[in-house]
Amino acid sequence: MGFDSYKELIDDVDNNEKFLLTVPTRKKFRKSTFHLVGLSLAVAGLDVCYSAELVYASPLILKYKVSDFAMSWMWAISPFLGFILTPLLGSLSDTCTLRMGRRRPFIILLTCVISAGALLVSQTANFFRLVFPSTINQTISGSDSIDLNGHYFSGNLHILLVFFTIIGVAMLDFGCDSCQAPCRAYIIEVCDPSDHTRAFSVLGVVVGISGSLGNLFGSFDYHSTRLGKLLGGQEETVFFIAFTLLVIFVAITVTRDKEVRWTGSVEGAPVITYKDYLLSILSMPSQLRILCCQLCSSWVAVTCFSLFFTDYVGQVVYKGSPTALPNTPLLIRYNSGVRFGAVCLMTMTATFAISSALLQKALTFAGCKRITTSLSFGMCIAYMLVIFLPYRPFAILMSTMTGMMLIVVMVTPFLLIAQYHENESHKVDFAHRGLGTDIAVAQSMLFFAQFTLSLFKGPIQHLLHGYAGISMILGAFSSFIAGIFAFFINYAEL
């Protein structure tokens, strides 16, 4: 396979100078579908971990007697860090000169963050049982005491358990979301532009299938299995399976295609500062700004479903309670609802896989604008149905609609960004911007959406006396706003 190089013109705004970077590129050929599947497996591994988090993170924290109000602030930690750091990581990735390449070092780094988070979430309680067996095995009653299968955590141990679990959730959530950007930039850069739509279509199918498998794993009852007894319980087993698949999938992806080492450092070239990076976000082209506004609204709508739907099903559809005493009807109903919520999430990811497979034909037949607007308003209607008719058939309908909506947040925005960077009519606005940075900026809209949701959900839920359906109301409103923004996006040639 041969090599070319190209000259990239960079503006030094502060010194009113221009300089050229010589960037080697590998000649690209059309890749087989099997090859594209290999490139997509890292994102698939992220989705398996994300599925485990979506199903069990909120119920697990509630079982630790953390209030809904406090839990909403817990979910703000990761998006706050992500909104600040993810575009910066993208910018660092654009200028990375490591021998391995620009994207793969960051994929591996963030995989390590996810692995550490998964261990904290799933094994902190087991670690405390080993280190403090005499203290934990004492039966202690009280409002600050929790009973985990006959093991009691109270006082400082309860606080430490909650603290490390929340840190683990934040690391897991941050890693899963932040790693998406370098994975997508890696796919775009190693594929020929003519393959981009097909590559992201394959990515959607693979991610949808892996998400379905992740949710399927979460719907099984592992308490009575050998693996469940060995690892310590339901959550521990699910996160162990997710962690194992992530490591295997990432290893396959990063060894699939070699990146060309970036040799763009030029004597006298300016160092990109954090201020420059922030200015690049604030001064983004209008096409990208409108796309980010629509993407942020869409992510709020999707996040309201993905993070809180299992709890909504358990409390509203099944009429259970996560804080009920062990083996009581309320807790049994709640746990049954959480498992059905996992089935709903599996339905969502399966629908996403099918929708991704049909994406190329849909874009040819209807165009990106019609797809984006119709899915946004359709999700708003689905939310209204599940609010006023909280029954299982409408929960499945909501899951199906969200699965189709994932196209709008996980596929088409990145196809549009690739178009902006490659299309001659947009190159003038994007010539001085890195692809990795813009993908990371778009990906950070997820963090901004999560942070906004975390700020408003808790106080509004408190005003409504703990009504579990507040996330569904916020989702309906956000999807409607996303539909409005969709009319103003520049869809280039999509």
Side-chain angles (χ1 to χ4, degrees), residues 1 26 28-51 101 103-104 107 111 176-177 179-216 245-246 248-259 302 346-368 371-372 375 402-419 421-422 435-436 439 442-443 492-494:
M1 189 173 288
R26 188 183 298 272
K28 302 170 186 175
F29 301 94
R30 288 183 64 84
K31 300 183 185 298
S32 67
T33 300
F34 182 76
H35 194 104
L36 294 176
V37 168
L39 290 175
S40 304
L41 283 179
V43 184
L46 298 176
D47 214 55
V48 171
C49 288
Y50 200 55
S51 297
R103 314 303 178 189
R104 290 184 294 173
I107 294 173
T111 298
C176 284
D177 292 332
C179 197
Q180 301 273 352
C183 285
R184 282 173 165 77
Y186 178 55
I187 291 172
I188 288 174
E189 290 179 343
V190 300
C191 291
D192 187 80
S194 63
D195 260 349
H196 285 168
T197 301
R198 191 165 66 94
F200 275 88
S201 181
V202 171
L203 173 66
V205 173
V206 172
V207 168
I209 293 173
S210 63
S212 298
L213 290 176
N215 290 313
L216 182 63
L245 290 175
L246 172 68
I248 294 172
F249 287 172
V250 167
I252 293 172
T253 293
V254 298
T255 56
R256 199 67 182 158
D257 265 295
K258 289 183 179 181
E259 293 182 84
V302 171
M346 184 177 65
T347 303
M348 173 191 72
T349 50
T351 305
F352 176 50
I354 296 171
S355 302
S356 298
L358 300 173
L359 178 61
Q360 279 186 293
K361 291 184 178 179
L363 286 172
T364 302
F365 176 75
C368 192
I371 292 172
T372 304
L375 289 179
T402 307
M404 289 188 284
M405 186 67 177
L406 286 176
I407 291 288
V408 175
V409 295
M410 296 185 69
V411 179
T412 54
F414 304 101
L415 288 175
L416 286 171
I417 290 172
Q419 286 275 331
H421 278 264
E422 294 161 5
L435 175 66
I439 289 177
Q443 187 63 37
E493 296 180 358
L494 287 181

Would you find a donor on one side and an acceptor on the other, under 3.5 Å apart, between the side chain of H196 and the backbone of I188? yes
Subject >> T412 side chain vs I407 backbone, donor-acceptor pair below 3.5 Å >> reply: yes
Residue set satisfying side-chain contact (heavy atoms from CB on, under 4.5 Å) with S194, at least two apart, ordered chain then number -> R30, D192
With sequence neighbours left out, the residues meeting side-chain contact (heavy atoms from CB on, under 4.5 Å) with V48 are S210, A242, L245
By side-chain hydrogen bond (donor to acceptor under 3.5 Å, both in side chains), S212 pairs with (sequence neighbours left out) T349
Sorted by chain and number, sequence neighbours left out, side-chain contact (heavy atoms from CB on, under 4.5 Å) with S32 holds for F34, H35
For R256, the salt bridge (Lys or Arg N to Asp or Glu O under 4.0 Å) test, sequence neighbours excluded, returns none
Applying salt bridge (Lys or Arg N to Asp or Glu O under 4.0 Å) to R184 and not counting sequence neighbours gives none
Short question: side chain of E259, backbone of R103 - any donor-acceptor pair under 3.5 Å?
yes
Residue pairs meeting salt bridge (charged side-chain N to carboxylate O under 4.0 Å, His left out), one or both in residues 198-214, sequence neighbours left out, come to D195-R198
Donor-acceptor pairs under 3.5 angstrom involving side-chain atoms of residues 351-360: please list them, not counting sequence neighbours.
unit_1: T351; atom_1: OG1; unit_2: T347; atom_2: O; d: 2.8
unit_1: S355; atom_1: OG; unit_2: T351; atom_2: O; d: 2.8
unit_1: S356; atom_1: OG; unit_2: F352; atom_2: O; d: 2.8

Side chain of K31, backbone of A199: donor and acceptor closer than 3.5 Å? no
Residues passing the side-chain contact (heavy atoms from CB on, under 4.5 Å) test with A366, sequence neighbours excluded, are R370, I371
